[in-house]
Amino acid sequence: MDYNFRKIEQEWQQRWKENGAYTVVNDASKPKCYVLDMFPYPSGAGLHVGHPLGYIASDIYARFKRLKGFNVLHPMGFDSFGLPAEQYALETGQHPALTTEKNITTFQRQLDKIGFCFDWTREIRTSDPQYYTWTQWIFLQLFNSWYNPVSNRAEPLETLLQHFTGKGTEGLDAAKTSAFTASAWKAFDDPQKQDILMHYRLAYSSFGEVNWCEALNTVLANDEVVNGVSERGGHPVVKRKMRQWYLRITAYADRLLEGLAQVDFSESLKEQQRNWIGKSQGAEIRFELGPAPSTKEWGTTEEDLDKNQPGLTVYTTRPDTIFGVDFMVLAPEHELVEQITTADQRQAVQDYLDYVKSRSDRERMAEVKQVTGCFTGAYAINPFDGSEIPIWIAEYVLAGYGTGAIMGVPCGDERDFNFATHFNIPITNIIGDHFDGNSANPTKDALLTNSGFLNGMLMRDAIPVAIEKLVDMGIGRGQINYKMRDAGFSRQRYWGEPFPIIWADGMPHPLREQDLPLELPHVDQYGPGPQGEGPLANLTGWSNTNAGRRETSTMPGYAGSSWYFLRYMDPHNTASFCSRSASDYWGQVDVYVGGTEHAVGHLLYSRMWTKVLYDLGHISFDEPYKKLVNQGMITGSSRFVYRVTPVREENGSSGTTAQEPVAFLSAGIYTRVMAMEPAAQSAFLQPQLPWITEADAWLINPIHADVNLVDGTVLDVEKFRQWKPEYATATFLLEEGKYLCGVETEKMSKSKFNTVNPDDLVEKFGADTFRMYEMFLGPLEASKPWDTKGIEGVHRFLKKLWRLFYEESKGKVWTTEAASPADLKILHRAIRKIEDDTDRFSFNTAVSSFMIAVNELTETGCHKKEVLELLLVLLVPYAPHIAEELWHQLGNSGSVLDAAYPVFNPSFIAESVKDYPVSINGKVRTNMSIALDITAAEVEALVLNNEVVQKWLAGKPAKKIIYVRNKMVNVVI
RNA sequence: GCCCAUGUGGCGGAAUUGGUAGACGCAGCAGACUCAAAAUCUGCCAUUCGCAAGGGUGUGAAGGUUCGAUUCCUUUCGUGGGCACCA
């Protein structure tokens, strides 16, 4: 009886499907565990071996937890709204709904072959109206809520209205709108009130500068723009003023930051989120404008800091360096520029502004190091010593951050130093020896000099002192800034959730909840609508209603994915997005598995939505994911052949027509030839390639060969000849009868011919082998190269395991004989190691431990059911088909997953496993067994009586015996 | 430039987190079985000295702490990723 994996896997997959083996019910009697994968976008391109990596890991973990008695939720679905399907529709005219459906079918078929334990009854698709009705519902919650800075949470708009009616804007952040009193509020008309409310809503519409991508004909969020081009497709992105929907994620900046302390994410991912949020603490300082020191009394109240007051307000994180200010710089777009520029500088400033305008964002980004700027002719006054500070404009200061103006402290800031040096602005040194005159020193640990009342203070201590003084003088205050901006939430596209909004009288009116879902209407044309609107604007019959005109943009891709993990808990609920009992039971996602590419997009948005739903009382937790595991990339291992190409006389370009001779050099020959002088090269090649005449008449180029035509590094020459017509008659220069390819590790991509299709491997080796091999490749979180050759080792292991039960010649070999202590030692060591490894997501070492155990059992000839059965329990998360099959062969019924075996009970592990090494003088070590938790004296007696130790001590007394942790005994002679 | 990772045989990687470095697998070499192939099995496989027994060296490099360092600290180099005029 052979290991017939094809038959076994097909039968078990069939059985699982028929029995609904992985259907999960909300069973409050069992502890829960929620294991989630980042759901895929169903793209049309097929899978390669890198794609299932995370799914396999989560599948193993899900089964493992079920084995340990947990009720495990392990669902799968599709992020089925999105740009690519619509781009495809534009090119081919196929409706996105159709292509998406088709892609999902393919996707599911591929996944099913690998034997995942997804509960498909809970499948969700973000483009399904049953699903997006709740996306729209949550949008309305956001629209009808505001962030109360006093209670520090989101609240329904009613509490804001109460506040306005009672106290006006008193106690609220004044920056949002200009202040008004309760009576003024009551006097406003409706449009005025709506306009004010819009400044508070968590989802709001506003006229502002957006990232516009002409090629995609839509607005993009900041995280969808990378280096000035769109993340998808790499199209140019420009700034444009438009009316847009936004998500007030900035209100949650602090809580998103603080929440990172409670979640188990990798340090680098947390760092990425922190960088994105970009919190910085500093101060805003207002400087009086020159030219001469003013005699005006400084104000002392908050209102005096109003930006409308004369003066220049800057933002700095280093108010301690205020005596080192040698110049001011405004962003070119700063509103004061026009006002303060003096007559003799007007032309120069205008020229500079023209220059700045002429430069694109990309140019600006590419030439970061270039120092440019222009003096305005105006001066600000240092409030402490009355000195005049020249005010410049320069593009390195950004209008959108802080106040759009900075104070230049060249001795402490690199950019300021470069600026001062470039424009010959004298530099004031306020840090004594710490400044050497050649470069800025951004230290906080220097003692201040030349700094008036701050003299002699440590800089980091001077920061609060300086702020306090500024507050006393009424010219400054502590201020926290964030780099993060509110997230753009509308797209001028078709394939997304329609907004449940109707515009009338210039105001947005939400649909009533009972009118949801607002279904996406069918279109035949996917081109843009008029005036920068999306395709929905072309459907005038749909967009014009009695109540007004519908919002024609749609929600972005991240809308549906920001809350999908909640829907899995209660996917068929028609009364709410998820019943409170379901979300209370399942709670946070215990383990979330996915790539790092969503670090600052999806992961931040879904964290925010969770916090909003929590604040509004819809769920009981405010962080969605307890633990996040980022699987690493599987890189492709590309194979190269080295082609010798003649250079055409006429134009000097290399030829590729079929008539021309084609030759390939094996990798070793290539290396040798490349090391030769040109004359030697032709002398070497000519005997074999007669068409080579002169040294400069040919070229040698490495080109990608399809990895599927290569076994290890040996090229299958015959298959290669058939690959492309022009290779059919090629000459191959071999080494020892073989053509060897060059190897390089690169990202997997079709164009590099280094992708490997999982279907082929599953067909050839089986799903169990494939699953275990993907895990065996290396640590889950590391990026590692794919090597098809290695899969045979894992396949051999499974065959070896099978032979512990059945052998071809003898048939059944397993017995009911009782296990010996030696057998149990092998088993128990495996249990301890594999359980621990699986718990820590160290799947590669767990697979190794399986191999060791099977090797040992084979070696000792152990075929005992008692031992093998428990091994299957351990194995079922990794290789479910073979484990279930053999489990049945042993005469068991039901699934191994539900076997109530005491495998994972700590007391189950025999004493036999516990042996500990002894180390003497750091030199000699051997194994000996000692009991746990014995006293130092007992250890001493044990060690000294130990035969091996006696031998090495050779009669000499030990000076000291150290009982180290990990039960290691160490003796110093 | 800043931040975060990371560096171990020909290759992927292991080392119970300070305790026998190189587990396990791939590749390679030698052998068994076979008419042959496949499959399977056995042995060798960091480096150096040695016939051997047995030594020496060795975890990117240089220091340090420790009885003991791949692991901790300092400096430095290489690779990968993120951020990038955020004041």
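Each chain gets a letter, A, B and so on, in the order its sequence line appears, and its residues count up from 1.
- Put simply, the residue from A:L256, A:L269, A:L260 that forms a side-chain contact (heavy atoms from CB on, under 4.5 Å) with A:R274 is A:L260.
- B:rU71 and B:rU65 are spaced 15 Å apart, taking the P atom of each and rounding to whole Å.
- Side-chain proximity of A:F776 to the nucleotides B:rA87, B:rG12, B:rA27 is greatest for B:rG12.
- Between A:R803 and A:I406, the one whose closest nucleotide on RNA chain B sits nearer the 5' end is A:R803.
- Pair check for B:rA5 finds B:rU79; Watson-Crick or G-U wobble, both atom distances under 3.5 Å.
- Annotation: B:rA61 and B:rC51 have their P atoms spaced 30 Å apart (nearest Å).
- Here, B:rC41 and B:rG25 have their P atoms 11 Å apart, quoted to the whole Å.
- Here the P atom of nucleotide B:rG25 and the CE atom of A:M775 are 19 Å apart, to the nearest Å.
- Counting only heavy atoms from C-beta outward, the side chains of A:V794 and A:M851 approach each other to under 4.5 Å.
- Across all strands, A:D416 comes closer than 4.0 Å to no nucleic acid atom at all (heavy-atom distances).
- Under 4.0 angstrom from either OP1 or OP2 of B:rC4 there lies no side-chain N or O belonging to A:S266.
- As a whole-Å value, the separation of A:K784 NZ from B:rU6 P is 15 Å.
- Ring-plane geometry between A:H795 and A:F765 is classed as perpendicular, the angle between the planes exceeding 60 degrees on a 0 to 90 degree scale with a lower cut at 30.
- Between A:E597 atom CD and B:rG81 atom C1' there is a gap of 13 Å when expressed in whole angstrom units.
- The side chain of A:D787 sits closest to B:rC26 out of B:rC26, B:rC85, B:rG12.
- Here B:rU16 sits opposite no nucleotide as a Watson-Crick or G-U wobble pair (both hydrogen-bonding atom distances under 3.5 Å).
- With A:M772 as the fixed residue, the side-chain contact (heavy atoms from CB on, under 4.5 Å) test singles out one of A:L875, A:I882, A:N844: A:L875.
- Within the nucleic acid shown, A:K483 comes within 4.0 Å of at least one base atom, counting heavy atoms only.
- B:rG9 has its base syn relative to the sugar, with a glycosidic angle deviating from 0 by at most 90°.
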Full working for side-chain contact (heavy atoms from CB on, under 4.5 Å) between A:L777 and A:L53: CA-CA 10 Å; A:L777 274 179; A:L53 182 73; 5.6 Å; no

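- Separating the C1' atom of B:rC85 from that of B:rG80 is a span of 25 Å, rounded to the nearest Å.
- Taking only side-chain nitrogens and oxygens, A:K799 comes nearer than 4.0 Å to OP1 or OP2 of B:rU40.
- Contact check for A:T788 versus A:V707: no side-chain heavy atoms found under the 4.5 Å cut-off.
- Ring geometry for A:F850 versus A:Y878: interplanar angle over 60°, hence perpendicular rather than tilted (30 to 60°).
- Closest to the A:S848 side chain, of the nucleotides B:rA23, B:rC85, B:rG82, is B:rA23.
- Comparing B:rU34 with B:rU40, their C1' atoms sit 11 Å apart, to the nearest whole Å.
- Dashed line: the shortest gap from a side-chain N or O of A:N844 to OP1 or OP2 of B:rC24 is not under 4.0 Å.
- Atom CG of A:L798 and atom C1' of B:rA39 are 16 Å apart (whole Å).
- Within 90° of 0 lies the glycosidic angle of B:rU17, which makes this nucleotide syn.
- Among the nucleotides B:rA87, B:rC24, B:rA14, the one closest to the side chain of A:P779 is B:rA14.
- Using a 4.0 Å cut-off, no side-chain N or O of A:Y773 falls inside it from OP1 or OP2 of B:rG25.
- Taking 4.0 angstrom as the limit, A:N855 places a side-chain polar atom (N or O) nearer than this to OP1 or OP2 of B:rG25.
- The pairing partner recorded for B:rC29 is B:rG43, the criterion being a Watson-Crick or G-U wobble arrangement whose two distances lie under 3.5 angstrom.
- Within the nucleic acid shown, A:K833 has no heavy atom closer than 4.0 Å to any nucleic acid atom.
- Across the interface with RNA chain B, nearest-nucleotide mapping of A:V794 and A:N481 shows A:V794 to be the residue nearer the 5′ end.
- Within the 4.0 angstrom heavy-atom criterion, only backbone atoms of the sugar-phosphate kind lie near A:S268; the bases stay farther away.
- The interatomic distance linking A:L269 (CG) with B:rG80 (P) rounds to 21 Å, in whole Å.
- For B:rC11 and B:rG60, the P atoms lie 13 Å apart once the distance is rounded to whole Å.
- Rounding to whole angstrom units, NZ of residue A:K789 and P of B:rG25 are separated by 17 Å.
- Counted within 6.0 Å of NZ on A:K279, heavy atoms from surrounding residues, nucleotides or ligands total more than 12; the atom is thus considered enclosed.
- Between the C1' atoms of B:rC45 and B:rC26, the separation comes to 13 Å (whole Å).
- Contact of the A:T421 side chain with the A:P410 side chain is not registered, since no non-hydrogen atoms from C-beta on lie closer than 4.5 Å.
- One finds the OG1 atom of A:T443 at 7.0 Å from the CE atom of A:M459 (value rounded to the nearest 0.5 Å).
- Comparing B:rG9 with B:rA21, their C1' atoms are spaced 11 Å from each other, to the whole Å.
- Within 4.0 Å of A:L398, counting heavy atoms only, lies at least one base atom of the nucleic acid.
- Taking atom CG of residue A:N275 and atom P of nucleotide B:rG82, one finds them 12 Å apart after rounding to whole Å.
- Atoms NE2 (A:H598) and P (B:rG82) sit 14 Å apart, rounded to a whole Å.
- Residue A:V847 is classed as having no contact, given no heavy-atom separation below 4.0 Å to the nucleic acid.
- Within residues 320-333 of chain A, no residue places a heavy atom under 4.0 Å from RNA chain B.
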